[in-house]
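Each chain gets a letter, A, B and so on, in the order its sequence line appears, and its residues count up from 1. Here the structure is a predicted model, which means the values were calculated and not measured.
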Number of protein chains: 2
Amino acid sequence: MKWDELEEEPCSMARTIGVIGDRWTLLILRECFLRTRRFEGFQSALGITRHLLAERLKKLVRQGVLRRIPYQESPKRHEYILTQKGLDLYPIMMALVHWGDTHMVDERGRPLLHEHRKCGKMFDPVMVCSECGEPLSAKEVHVHPGPGARPAPERVLLDKKAKPKPRRKAA
Amino acid sequence: MKWDELEEEPCSMARTIGVIGDRWTLLILRECFLRTRRFEGFQSALGITRHLLAERLKKLVRQGVLRRIPYQESPKRHEYILTQKGLDLYPIMMALVHWGDTHMVDERGRPLLHEHRKCGKMFDPVMVCSECGEPLSAKEVHVHPGPGARPAPERVLLDKKAKPKPRRKAA
DNA sequence: ATTTGACAGTTCAATTTTAGAACTATACAA
DNA sequence: TTGTATAGTTCTAAAATTGAACTGTCAAAT
């Protein structure tokens with residue numbers, strides 16, 4: 001698969017993956033949320049090759065996730081800062097962190113704690129339903145084709161089921 | 001960087017990325033949540049090469065995200081199903097979908113709608129603070145080193161700031 | 001009895017990506 | 001004049017991915 005095809009798929013998840021779904025991009029975004037803004041900053045924080053960093057930044061700018069803003073003339077220098085579209089990635093970042101906090105910590109505990117300014121407490125992010133406010137879990141959610149779903153004859157991505165048709169003598 | 005080093009970093013996000021942070025893995029997980037369970041199912045749904053699919057499934061099993069369960073003897077066949085650790089990835093999936101729904105839809109609208117069984121409404125996922133229940137945004141959150149943070153002399157991942165030290169004549 | 005098809009992989013050559021390191025260019029500061 | 005900081009670009013070697021074919025087991029159809 002060519003990865004730019006992902007953005008054409010009738011699946012919001014695939015499209016998102018097309019934009020931010022690779023390791024370096026995700027790490028670059030982590031740095032963005034930690035207020036890294038400059039080429040050298042990203043490079044030294046991540047140890048990414050300069051070549052790839054240049055590519056990824058270019059792509060994020062093209063996608064409207066980052067904006068490239070001059071902070072000095074002669075020599076021209078730019079900073080990369082998150083747009084609103086980029087800031088909206090925050091729930092994804094937090095979800096990634098939280099899963100790591102839950103399933104990937106060693107005996108010493110979490111590397112980082114998060115404090116919510118509004119209430120002053122250390123918190124975990126919780127994903128809830130916008131309508132009733134209850135926490136969400138996979139089995140309580142059903143999907144329906146939306147207006148942008150692919151029309152009938154073709155396969156509707158994100159809406160097919162591999163029915164476990166058991167054959168022959170079961171184990 | 002070798003990608004297995006990611007899991008050693010004192011950063012929950014990096015560790016998570018080490019497990020699920022590549023395109024194919026993310027797409028495989030999407031299929032899992034859509035109840036695909038078998039090798040051929042994944043392969044035909046995604047068009048991934050069989051070689052890579054076998055590798056990725058193996059890794060997800062090794063990481064405890066999927067469990068490989070026999071569903072038939074002779075010939076031995078297995079299904080890949082999400083463990084609890086895997087099911088806990090749901091907020092990440094929903095966050096990815098929601099960002100795509102917000103920023104990557106075309107004029108036709110969303111490919112999919114989500115219904116919350118409990119309340120019966122179509123919903124969006126919202127990430128809130130576990131302590132006060134308010135929706136979260138990047139700027140209302142402060143990070144602090146936790147017990148598993150890297151000790152002083154070395155760089156604490158996820159806790160450095162590239163202070164925009166302005167030099168020379170600004171633009 | 002033989003062929004066909006489903007399933008779950010494995011193997012291998014060709015292509016694409018990434019890593020690692022060095023190099024370019026501009027301009028300030030000592 | 002030399003050194004440093006910044007933001008890249010260029011190059012070759014190494015690693016990952018693709019595409020396609022191949023393996024092996026068994027059930028069902030001919």
**Request:** May I have the distance from A/Leu46 (atom CG) to C/dA19 (atom C1'), rounded to whole angstrom?
**Result:** 15 Å
**Complete:** Regarding the side chain of A/Lys58, the nearest nucleotide among D/dT17, C/dA8, D/dT9 is D/dT9
**Complete:** d(A/Glu115 CD, A/Phe123 CZ) to nearest 0.5 Å is 9.0 Å
**Prompt:** Which pairs count as salt bridge (charged side-chain N to carboxylate O under 4.0 Å, His left out) when at least one residue sits in residues 127-146 of chain A, sequence neighbours excluded?
**Reply:** A/Glu134-B/Lys118, A/Glu140-B/Lys118
**Request:** Give one of base, sugar-phosphate or nothing for A/Phe42, where a contact means two heavy atoms less than 4.0 Å apart.
**Result:** nothing
**Prompt:** Heavy atoms under 4.0 Å, any strand shown: does B/Arg23 hit a base, just sugar-phosphate, or nothing?
**Reply:** nothing
**Request:** Report the end-to-end axis angle of the helix from C/dA1-D/dT30 to C/dA30-D/dT1; each axis comes from five terminal pairs, and the value is rounded to 10°.
**Result:** 10°
**Item:** side-chain contact (heavy atoms from CB on, under 4.5 Å) involving B/Lys58 - partner list, sequence neighbours excluded
**Value:** none
**Prompt:** Sequence neighbours excluded, which residues qualify as salt bridge (charged side-chain N to carboxylate O under 4.0 Å, His left out) partners of A/Glu7?
**Reply:** none
**Prompt:** How long is the line joining NZ of B/Lys76 and P of D/dA27, in whole Å?
**Reply:** 15 Å
**Prompt:** Could you state the OH-P distance from A/Tyr71 to C/dA27, rounded to the nearest angstrom?
**Reply:** 14 Å
**Complete:** By ring pair (Phe, Tyr, Trp, His ring centres under 6.0 Å), A/Phe42 pairs with (sequence neighbours left out) none
**Request:** Check whether any side-chain N or O of A/Arg68 sits under 4.0 Å from OP1 or OP2 of D/dG8, and answer yes or no.
**Result:** yes
Would you tabulate the nitrogen or oxygen pairs shorter than 3.5 Å linking the protein to nucleotides 13-16 of chain C?
none

**Prompt:** Could you state the CD-P distance from A/Gln72 to D/dT6, rounded to the nearest angstrom?
**Reply:** 9 Å
**Asked** Tell me: CG of A/Leu66 to C1' of D/dA7, nearest whole Å?
**Response** 16 Å
Let me check something: any side-chain donor-acceptor pairs from residues 45-55 of chain A under 3.5 Å, sequence neighbours excluded? List them with distances.
residue	atom	partner	partner atom	Å
A/Thr49	OG1	A/Leu52	N	3.4
A/Arg50	NH2	A/Glu40	OE2	2.5

**Integer-rounded Å distance: D/dA16 C1' and B/Glu55 CD** = 9 Å
**Asked** Does A/Arg37 make a cation-pi contact with A/Tyr71 (under 6.0 Å, within 45 degrees of the axis)?
**Response** no
**Message:** Distance check needed: D/dG8 P versus A/Phe39 CZ, whole Å only.
**Reply:** 6 Å
**Asked** Apart from A/Val126 itself, what residues make up its hydrophobic cluster when side-chain heavy atoms of I, L, V, M, F, W and Y under 4.5 Å apart count as a link, directly or indirectly?
**Response** A/Val128, B/Val126, B/Val128
**Pairs satisfying salt bridge (charged side-chain N to carboxylate O under 4.0 Å, His left out), at least one member in residues 19-29 of chain A, at least two apart** = A/Asp22-A/Arg56, A/Asp22-B/Arg23, A/Arg23-B/Asp22
**Request:** Hey, could you give me each pair passing side chain to side chain donor-acceptor pair (under 3.5 Å) that has a residue in residues 81-102 of chain B? Not counting sequence neighbours.
**Result:** A/Ser12-B/Asp101, A/His103-B/Asp88, B/Gln84-B/Asp88
**Prompt:** Using links of under 4.5 Å between side-chain heavy atoms of ILVMFWY residues, direct or through other members, which residues join A/Leu113 in one cluster?
**Reply:** A/Met122
**Item:** Annotated protein contacts, base or backbone, on nucleotides 18-25 of chain D with a non-hydrogen cut-off under 4.0 Å, one of B, S, - each
**Value:** BB-B--BB
**Asked** Are side-chain heavy atoms of A/Leu27 and B/Ile17 found at a separation under 4.5 Å?
**Response** yes
**Request:** Among C/dT10, C/dT18, D/dG8, find the nucleotide with the atom closest to the side chain of A/Tyr80.
**Result:** D/dG8
**Message:** Between P on D/dG8 and CG on A/Leu57, what's the gap in Å once rounded to a whole number?
**Reply:** 8 Å
